[in-house]
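Structure, as structure tokens:
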Amino acid sequence: MSNMFVARSLEEVSFWSRIMKEHSLFLGLGFRAEDTVLKQEANHFYRIFEDIERRVHAFSLDTDPATIHQFNQEVHTAVCHIWAFKRKVLGLILCCKLPGQTNFPLLVDHVSREANYFRNRLEELNQGKLEPLYDAIIDENVFFLRIMADHAKFIGHLLDPSERKLVEQAREFSQDFDQLLFQARDIESMRPQSQTGPILTQFLDQNRVSVKSLRDFKKTARDLIEQCRIKSIIHPLLADHVFREAERFLEIIDMFENSLTGKGNAPMIHH
């Protein structure tokens, strides 16, 4: 179990610390020139998570679990602080204190939800709490389906309006994932009666089809943006960032499916 704890911790921190670092960059890019204190705070968090990312890669599966436990606590503190920063920024935007800044309120809420998810994951790892498989399947899908629906909305709003075809595709993905999210919340509210193997297998199969399509769309958009072939205000790193999150969701779905069918171990993402 201690090896599993180390493996899961390193995997989660490696993925999410990079995400937190990039959030710091994106928020900083959206602030106005005069928002020097907010820019400094964003840069501060960028450096903190860059350092965490560097340190996590220096550990190995043979690292003493006690060392990783301590490291997780340290990361948890940093994540709590960036979560508070994100909520503060959201408050300033919604109170119209930063007119002209370019971070969508939904985007700031979105990145704070991801920080909260990361924070919860670290707590679960350190406390050794594993959520039952069926609960984890529902909770992870509710979380990630909303993330994917948000991504589709952001892409649609950050593409140039003249990219009519791509904007329309993004709108269709937004509607598709909104529907899937409503379905997931229905399954969530039908718990525990909804927690049967056949229902959850169908749930995962249906979600996988849409996530694969969105992943492929994001990959195409990322490549086109990198090649300067489409008009948008999407940072190339943001395009890659949302692609990586779709890839992760697909990996989670696959691990859950393997657990349901007995083909693999309990998923790494298991709460």
Side-chain angles (χ1 to χ4, degrees), residues 15-16 18-32 42 86 89-90 93-94 98-115 117 140-185 203-254:
F15 181 84
W16 287 107
R18 182 179 179 188
I19 294 293
M20 294 297 119
K21 179 185 78 172
E22 291 171 358
H23 286 170
S24 307
L25 174 70
F26 301 144
L27 289 173
L29 289 172
F31 296 138
R32 305 166 303 175
K86 289 166 174 174
V89 170
L90 179 60
I93 296 169
L94 293 179
L98 302 173
Q101 69 83 43
T102 57
N103 293 305
F104 293 127
L106 184 64
L107 184 137
V108 183
D109 177 65
H110 173 101
V111 299
S112 77
R113 272 183 268 129
E114 291 187 354
Y117 172 95
E140 289 285 327
N141 277 272
V142 167
F143 172 79
F144 272 103
L145 287 169
R146 187 174 180 197
I147 294 296
M148 296 298 119
D150 288 349
H151 285 171
K153 293 172 179 64
F154 300 147
I155 291 167
H157 283 71
L158 294 169
L159 286 163
D160 189 79
S162 70
E163 293 285 2
R164 290 171 173 79
K165 197 93 180 119
L166 289 173
V167 170
E168 177 62 19
Q169 278 182 276
R171 193 184 60 80
E172 286 169 6
F173 276 118
S174 169
Q175 291 179 329
D176 184 28
F177 277 90
D178 282 349
Q179 291 297 326
L180 291 173
L181 177 58
F182 280 129
Q183 285 187 184
R185 285 185 168 150
F203 176 58
L204 290 172
D205 285 347
Q206 198 171 16
N207 291 344
R208 178 194 279 106
V209 172
S210 289
V211 179
K212 270 190 173 163
S213 295
L214 179 61
R215 187 269 316 267
D216 293 345
F217 174 71
K218 286 173 171 176
K219 186 175 189 296
T220 301
R222 180 195 69 180
D223 294 346
L224 292 173
I225 287 165
E226 284 177 353
Q227 295 158 15
C228 199
R229 289 171 63 184
I230 56 174
K231 304 177 292 297
S232 81
I233 55 170
I234 299 172
H235 193 293
L237 186 61
L238 179 59
D240 186 59
H241 178 100
V242 298
F243 166 73
R244 271 180 273 126
E245 290 187 2
E247 284 271 86
R248 185 167 188 83
F249 187 17
L250 274 180
E251 289 167 12
I252 289 170
I253 290 174
D254 287 342

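- Under the 3.5 Å distance criterion, with hydrogens and angles disregarded, no donor-acceptor pair is assigned to the side chains of D160 and S232.
- Of the charged side-chain nitrogens involved, none lies within less than 4.0 Å of a carboxylate oxygen, so that R164 and E168 do not count as a salt-bridged pair.
- Considering OG1 of T102 and CD1 of I233, their distance stands at 7.0 Å, rounded to 0.5 Å.
- For the residue pair K86 and V108, the shortest heavy atom distance occurs at O-CG1, 3.2 Å.
- Side chain of S174 to backbone of A170: no donor-acceptor contact under 3.5 angstrom is found.
- Not one N or O on the side chain of Q101 forms a donor-acceptor pair closer than 3.5 Å with the backbone of R32.
- Separating the NZ atom in K231 from the CG atom in L224 is a distance of 11.0 Å, to the nearest 0.5 Å.
- Between R244 and E247 there is no salt bridge, since none of the side-chain N atoms of the basic residue sits less than 4.0 Å from a carboxylate O of the acidic one.
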Show your working on side chain to side chain contact (heavy atoms under 4.5 Å, CB included) between D240 and K218 and close with a plain yes or no. CA-CA 8 Å; D240 186 59; K218 286 173 171 176; over 6 Å; no
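- The distance from atom CD of E163 to atom CG of L166, rounded to the nearest 0.5 Å, is 5.5 Å.
- Residues passing the salt bridge (charged side-chain N to carboxylate O under 4.0 Å, His left out) test with D178 are K153, sequence neighbours excluded.
- Between D176 and S210 the shortest heavy-atom distance is OD2-OG, 2.7 Å.
- Cation-pi contact between R146 and F177: absent, since separation from the ring centre below 6.0 Å together with deviation from the ring axis within 45° is not met.
- Here the closest non-hydrogen pair linking V142 and L181 is O-CD1, 3.5 Å.
- In this structure, the separation between CD1 on I252 and CZ on R248 is 5.5 Å, given to the nearest 0.5 Å.
- Residues forming a salt bridge (charged side-chain N to carboxylate O under 4.0 Å, His left out) with R185 (at least two apart in sequence, or on another chain): none.
- Less than 6.0 angstrom separates the ring centroid of H23 from the ring centroid of H241.
- For the residue pair L98 and I93, the shortest heavy atom distance occurs at CD1-CG1, 4.1 Å.
- Nearest heavy-atom pair, A42 versus S24, reported as atom, atom and distance to 0.1 Å: O-CB, 3.4 Å.
- Ion pairing between a basic and an acidic side chain is recognised when a charged N comes within 4.0 Å of a carboxylate O; D150 and R113 show such pairing.
- Using cut-offs of 30° and 60° on the angle between ring planes, the pair W16 and F143 is perpendicular.
- Proximity of the aromatic rings of F31 and F26 is defined here by a centroid distance below 6.0 angstrom, and this criterion is not met.
- Among residues two or more places apart in sequence or in another chain, the ring-ring contact (aromatic ring centres under 6.0 Å, His included) test is passed with F104 by H157.
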Please determine whether side chain to side chain contact (heavy atoms under 4.5 Å, CB included) holds for the pair L29 and L25, giving the CA-CA distance in whole Å, both sets of side-chain angles, and the decisive distance to 0.1 Å. CA-CA 6 Å; L29 289 172; L25 174 70; 4.2 Å; yes
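- Residues satisfying the ring-ring contact (aromatic ring centres under 6.0 Å, His included) test with H110, not counting sequence neighbours, are H151, F154.
- One finds the CG atom of N207 at 4.5 Å from the CG atom of L145 (value rounded to the nearest 0.5 Å).
- For the atom pair CG of L237 and CD1 of I225, the computed distance is 11.0 Å after rounding to the nearest 0.5 Å.
- Every residue two or more places apart in sequence or in another chain was checked for a salt bridge (charged side-chain N to carboxylate O under 4.0 Å, His left out) with E114, and none qualifies.
- Counting all heavy atoms, side chain and backbone alike, I253 lies closest to L204 at CG2-O, 3.9 Å.
- Annotation: ring-ring contact (aromatic ring centres under 6.0 Å, His included) contacts of F217 (sequence neighbours excluded): F173.
- Remark: of the listed residues R208, M148, R215, M148 is the sole one forming a side-chain contact (heavy atoms from CB on, under 4.5 Å) with F249.
- For NZ of K212, the number of neighbouring non-hydrogen atoms (other residues, nucleotides, ligands) closer than 6.0 Å is 12 at most.
- For the pair V167 and P161, the minimum side-chain heavy-atom distance is 4.5 Å or more.
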